[in-house]
Chemist: 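Shown below is the structure under consideration.
If you read the sequence from its start, that first residue is 1, and numbering goes on from there.
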Amino acid sequence: MAGCEASLRRLSVDYIDLYQAHSFDLLTPMEETLRAFDDLVRQGKVRYLGCSNWPARHLMKALCVAEARGWERFVSLQAYYSLAGRDLEHELLPLCREEGLGVLPWSPLSGGFLTGKYRRGQDSPEGARRSGFDFPPIDEERGFDAVEALDALAEEKGASIPQLALAWLLAQPSVSSVIIGANKMAQLEDNLKAADIHLTAAELDRLSMTTQPPTLYPQWILDRQNSR
């Protein structure tokens, strides 16, 4: 409650559009957190609630608790998701799709890996972000496959590698928007053009196949049992 009041003062606004739990709190009972969020909405200080970096089991529990108590529920999930980082597709993305939550990916270019600066067999560029802060972690071999596919398609479409990486993400089910991290005006202007790029189903598949994650249990047995 104090944190929200402080944010309102710093921002000089009457309410916050989307107030998010940035991570799951292992020490505070979930009900306490959800009740505080509900109070903030009822007081008119917050319009909508979201969470970030929550496991699927905790997110689903929060939705059920909020519904059972008549409290405001989460409407969005802010999570790491990119063509080079697709763990979200195992549980969280299907959950958000089924429960009607919007998805706001952070680090959509995997900390700059999907900009084209990093190439297979070459040293990392001097001064680049991942050269000193290798985050978020990725499978570099699969990541290089993605960069090479993006590069080839970018040449065909007259676009840049980052634009296509962002366009791929924007085309994924449940993705509402992406949180870009440009630190130069030229990067921002380039990134924004991704919104105008249309990728065909074949082009989406062409990019997706480079980093297709393995199907994990129990999904592979569910697919098998429901294929008949």
Side-chain angles (χ1 to χ4, degrees), residues 20-31 33-34 49-68 73-111 113-114 118 120 130 134-150 164-179 199 201-228:
Q20 301 183 106
H22 185 67
S23 185
F24 185 75
D25 188 344
L26 295 174
L27 301 179
T28 305
M30 181 184 292
E31 290 80 2
T33 299
L34 297 178
L49 304 172
C51 64
S52 178
N53 304 319
W54 278 39
R57 66 185 188 278
H58 292 143
L59 175 53
M60 191 65 233
K61 180 180 179 181
L63 295 175
C64 291
V65 169
E67 182 175 355
R73 73 197 298 265
F74 292 137
V75 300
S76 64
L77 170 69
Q78 179 179 312
Y80 171 49
Y81 189 31
S82 78
L83 183 58
R86 298 173 61 181
D87 292 344
L88 198 73
E89 294 178 14
H90 291 305
E91 290 286 350
L92 280 163
L93 197 61
L95 169 58
C96 290
R97 197 158 51 235
E98 292 172 10
E99 296 298 323
L101 274 69
V103 176
L104 305 171
W106 57 262
S107 199
L109 298 177
S110 291
F113 191 89
L114 296 177
Y118 302 86
R120 196 190 310 269
R130 294 189 71 98
D134 195 14
F135 183 86
I138 61 171
D139 180 333
E140 288 197 354
E141 284 306 306
R142 289 163 62 86
F144 285 131
D145 289 343
V147 169
E148 290 165 4
L150 287 166
L164 291 187
L166 294 172
W168 177 89
L169 197 53
L170 287 167
Q172 301 309 304
S174 298
V175 170
S176 306
S177 184
V178 298
I179 302 172
L199 295 175
E203 289 170 338
L204 287 170
D205 287 343
R206 177 175 164 185
L207 296 177
S208 297
M209 288 302 294
T210 62
T211 57
Q212 187 67 39
T215 303
L216 301 181
Y217 176 85
Q219 189 58 51
W220 58 259
I221 198 167
L222 293 176
D223 292 342
R224 180 184 178 89
Q225 292 170 336
N226 285 279
S227 64
R228 300 170 183 172

Chemist: So Ser176 and Leu104, do their side chains get closer than 4.5 Å, heavy atoms only?
Modeler: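 Heavy-atom side-chain distance check passes, below 4.5 Å.
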Chemist: Give me each pair satisfying salt bridge (Lys or Arg N to Asp or Glu O under 4.0 Å) with a member in residues 96-111, each pair once, sequence neighbours excluded.
Modeler: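 Every pair satisfying salt bridge (Lys or Arg N to Asp or Glu O under 4.0 Å) with a residue in residues 96-111: Arg73-Glu99.
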Chemist: Donor-acceptor pairs under 3.5 angstrom involving side-chain atoms of residues 167-174: please list them, not counting sequence neighbours.
Modeler:
from, atom 1, to, atom 2, distance (Å)
Trp168, NE1, Ser208, OG, 2.8
Gln172, NE2, Trp168, O, 2.8

Chemist: Test of understanding: with ring-ring contact (aromatic ring centres under 6.0 Å, His included), list the residues that count as partners of Phe24, not counting sequence neighbours.
Modeler: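 Applying ring-ring contact (aromatic ring centres under 6.0 Å, His included) to Phe24 gives Trp54, His58.
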Chemist: Report yes if the distance between the aromatic ring centroids of Phe113 and Phe135 is under 6.0 Å, otherwise no.
Modeler: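 Aromatic pair excluded; centres sit 6.0 Å or further apart.
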Chemist: Can you tell me how far the CZ atom of Arg224 sits from the OG1 atom of Thr215, to the nearest 0.5 Å?
Modeler: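 Separation between the atoms: 13.5 Å.
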Chemist: First locate atom CZ of Arg120, then atom CD of Glu141, and finally report the distance between them rounded to the nearest 0.5 Å.
Modeler: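 These two atoms lie 5.0 Å from each other.
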Chemist: Grab the two heavy atoms, one from Leu114 and one from Ala84, that are nearest each other, plus how far apart they are.
Modeler: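 So the two residues come closest at CD1-N, 3.9 Å.
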Chemist: Should Leu77 and Leu95 count as side-chain neighbours, where that means a heavy-atom distance under 4.5 Å?
Modeler: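 Sidechains of Leu95 and Leu77: no contact.
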Chemist: With a 4.5 Å heavy-atom cut-off, do Tyr81 and Arg86 have their side chains touching?
Modeler: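 Side chain of Tyr81 against side chain of Arg86, heavy atoms only: contact under 4.5 Å found.
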Chemist: Between atom CZ of Phe74 and atom CG of Leu34, what is the distance when rounded to the nearest 0.5 Å?
Modeler: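 Result: 5.5 Å between the selected atoms.
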Chemist: Look up atom CG in Leu83 and atom OG1 in Thr211, then write down how far apart they are to the nearest 0.5 Å.
Modeler: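 The distance works out to 4.0 Å.
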Chemist: Give the minimum heavy-atom separation between Leu59 and Cys51, together with the two atoms involved.
Modeler: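 In this case the closest contact between Leu59 and Cys51 is CD1-SG, 3.7 Å.
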Chemist: Identify the heavy atoms of Thr210 and Leu207 that sit nearest to each other, and give their distance.
Modeler: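 Looking at all heavy atoms of both residues, the shortest contact is OG1-O, 2.6 Å.
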Chemist: Compare every heavy atom of Pro213 with every heavy atom of Arg142, then report the nearest pair and how far apart it is.
Modeler: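 For Arg142 versus Pro213, the nearest heavy atoms are NH2-N, 3.6 Å.
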Chemist: Using 0.5 Å steps for rounding, measure from the CG atom of Leu199 to the CG atom of Leu204.
Modeler: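 The CG atom of Leu199 sits 5.0 Å away from the CG atom of Leu204.
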Chemist: I need the minimum non-hydrogen distance between His90 and Pro214, along with the two atoms involved.
Modeler: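 Minimum heavy-atom separation between His90 and Pro214: CE1-O, 3.0 Å.
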